[in-house]
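Heads up: numbering here begins at 1 and tracks the sequence.
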Amino acid sequence: MPEATDVRKLARACITRISRTLIAERRERILPEFRLDDFQQRVVDSQARFMRVVAPAGSGKTRTLIAKAINVLDASDNSRVLCLTFTNAAANEFRERASKLHTSLANRLQVSTLNAFGYDTLKVTNESLKVVSPGNKIIGAAYGVIKELMPESSIWGGKTQPQFYAPILELADMTKSLGFDHLADRNEAQEQYNFVEALDMVPLLQNLMAEIGIEDSPKTAFTNTWFPFWKKLTEKLWKSNLITLDDQKYWALNRLANHGGTQQWLCGKRFSHILVDEFQDINILDLFLISQIALVTEASLIIVGDDDQCIYEWRGCTSLFIQRPDLFFEAVLGNQEFETVLLKRNYRCPHNIVIHSKHLINTNQDRITKDTVPMREDDANIRIIPLPAAYMTMNVVDELAAFLADKHPQHTVAIVGRKKCQLIPIQILLTRRGTKFAIDTDLNVFGGKAFQDFRKFMEFPKIYTQARQTSKNVEDLLALLNRIKKTPVSKQENQEIHKWLSEKKPKTLQEAVIKFREYPGKFKRGFVQPQEVISELIFFLESSSVVACLYRAGDVFKGFQKDFVKSKEDIFYSDPPFSHLADLAVNYDNDFDAFLSDIDRAIERAAGADPRGAKIELMTALRTKGREFDTVIVLDVNDGIWPNKKSQEEGRLEEERRLFYVTVTRTKNNLLLFESGRVQGQRMAASPFIQEMALPTSAWLSDPQLERLSHELLAQLKI
């Protein structure tokens, strides 16, 4: 195995080479005083009742929208503007910037997220609503409704199955997000299904239905099986005053379409203009709600967004809505159509980021044609850093983060992974070094029970042959048996095995495993013979290195493997990190103590660290949207990760390209793309997105010393 000193030597050599071109000062945008350009002014001056503003990244969208709102309000005392955003942060920013420019108009400008607007709409007639969300206490009441209805359905054979409560609630929300109406009959439901199918969104339903045990052909399963149950569930939750976040929009749409009092309330707001920000992020439910608001108010409608930044397809979004608004707002438009204004100037990004990201995104065929012009003259430092293996990338990124935190403490850094599990080894390394960083709580795998159980399992090869108390050996074997299959051993089987094995008095865990061969009964409800699992357990427990142990754990223990239902409660199951941890474990060889010590530090940090003030942030690519950093570090820019393998198989390359485009346009100064030649034990080529960016040869980090060190380390690698 490679020596730790050799890895650090490579990392230091990399940092020396990177630092020669690193832009470390916090540069301000080199621009004259900002004024509306001709394209932005056209938006402000237009009298069109319906307008689509195509606003690429960095085009001054928010400033233009605020100027439009102020112009509308200045023009008439009777004007009222409703601005709908998709995040609270965007709503707060819009509200704050608008009030600074024109404080006297604030009482005629309402800025709200779609969810908040929907909730306000519902409170007009019902003050008793309680919002259900994952992790809050009210979710138990929602599960109680599901429990009550499950035996009435043939889906689960008339039985209650608690493991499906969470995915049933998620599928119910997805059904609403895709525009289905619980008041619709079967034929109307089929028509909506055909619409969803035309938008290529059926897999969103199909995958969730499979998770709750509905396996028929998608259309038949949906209309004949799921839809009738969903109608009852939706009505029952509403009558119980229980609403989810999606219900805030769903029931607002329902009330605005069917309840005269709610319609009068909205008309009383006297909105003359509706502005919708980030329109590319809407799903079908959002589309229907916006349309209903526009119909009731008869207001002017201005939609703003960029199809190249549509990256939330997993929640039912599609770039088609902003690409073809005349088609989807037909009921609102009457005989009119949308005027389109394209904002063509990028004021935010460095010159070369605009040029090369444009090369990248122009590869997409299904998009609005744009010719964005960079207004900044300065270039970012763009570097592609090829390293032979992922463990080298991890160590170099760790060294780089420490360098920036020490030498440039105000420098903002994003370390970006395509998947959550890529961030876990980086967390461990940064924690070991003591580098302060921030990561969103829902991305932090260390706090969950699954990871803590897994951490305990990593001790077993080390203590496998050590003499210990009988009770510990028995308990640890039972822990292993509870994870060998997808579902744990039943309570009765657990008691029977515990009693039988305790009588054998095994002195070591190894002895407990060997004696279990003789267990006379079956377990796992009679489907598995003891002999079937013993060889797998021994295969894991006799691992001689940390790397082997991790790979074997991922193969042997089905109870740790990916599980959509369990992932609702514990993020570990959304993408178990065995192979990425195995890449990290090259640093440890057979030193289980050092590995476990670093894991324990990461667990401790996850439980109590205060991330406030951290300039280094770890995030997935989806979390980069709307953010900006001095340096953006992208991990494992390899084919199979960027784009990911599943997207390639499903023909969703354009979605992946949009996500990469959003990621690389977040940088102010430095864009560092790490390409790892070997990831998760497999050889991987560079991402095709790198070639599509048409970067100059000088962007590739090349140095004879680095190449020599890399090849020496690779030659030592024994995986």
Point to revise | Within 6.0 angstrom of D440 CG, more than 12 heavy atoms from elsewhere | key: yes
**Study point:** Verdict with supporting geometry, D326 and R52, salt bridge (Lys or Arg N to Asp or Glu O under 4.0 Å)
**Key:** CA-CA 10 Å; D326 291 333; R52 173 182 67 167; over 6 Å; no
Check your understanding: Going by the angle between their ring planes, with limits at 30° and 60°, are W314 and Y312 parallel, tilted or perpendicular?
Key -> perpendicular
Review point. Does the ring of F437 carry R605 above it, NZ/CZ under 6.0 angstrom from centre and within 45° of its axis?
Key: yes
**Study point:** Straight-line distance of D598 CG to Q427 CD, nearest 0.5 Å
**Key:** 13.0 Å
**Study point:** Single hit among T64, V304, T372 for side-chain contact (heavy atoms from CB on, under 4.5 Å) with L343
**Key:** T64
Review point. Between S357 and T665, is any side-chain donor less than 3.5 angstrom from a side-chain acceptor?
Key: no
Check your understanding: Do any N or O atoms from the side chain of N362 and from the backbone of K358 form a donor-acceptor pair under 3.5 angstrom?
Key -> yes
Review point. Which value, rounded to the nearest 0.5 Å, describes the distance between D281 atom CG and Q309 atom CD?
Key: 8.5 Å
Point to revise | F328 and F321 aromatic ring geometry - parallel, tilted or perpendicular at 30°/60° bounds | key: perpendicular
Review point. So, R315 and D286, do they make that salt bridge, N to O below 4.0 Å?
Key: yes
Practice item. Assert yes or no for the condition that the ring centre distance of F660 to W642 is strictly below 6.0 Å. Key: yes
Point to revise | salt bridge (charged side-chain N to carboxylate O under 4.0 Å, His left out) contacts in which one or both residues fall within residues 385-394, not counting sequence neighbours | key: none
Point to revise | Inter-residue atom distance T113.OG1 - E278.CD, 0.5 Å rounding | key: 13.5 Å
**Study point:** Donor + acceptor pair across side chains of D630, T412 (<3.5 Å)
**Key:** yes
Review point. If only atom types and distance count, is the side chain of D277 paired as donor or acceptor with the main-chain N or O of T85 below 3.5 Å?
Key: no
**Study point:** Minimum side-chain heavy-atom gap F446-I424 below 4.5 Å
**Key:** yes
Exercise for review: Can you sort out the partners of R418 under salt bridge (Lys or Arg N to Asp or Glu O under 4.0 Å), two or more places apart, ordered by chain and number?
Suggested key: E656
Point to revise | Of H356, H359, R383, the residue whose pairing with L695 passes side-chain contact (heavy atoms from CB on, under 4.5 Å) | key: H356
Check your understanding: Side-chain donor-acceptor pair under 3.5 Å between S46 and E339, yes or no?
Key -> yes
Review point. Would you find a donor on one side and an acceptor on the other, under 3.5 Å apart, between the side chain of N346 and the backbone of R348?
Key: yes
Revision key, fill the gap. Rounded to the nearest 0.5 Å, the CG atom of D379 sits from the OG1 atom of T21 at a distance of 12.0 Å
Exercise for review: Could you point out which residue of Q280, R657, K370 forms a side chain to side chain donor-acceptor pair (under 3.5 Å) with D308?
Suggested key: K370
Exercise for review: Would you mind telling me which of Q422, H580, Q680 makes a side chain to side chain donor-acceptor pair (under 3.5 Å) with D636?
Suggested key: Q422
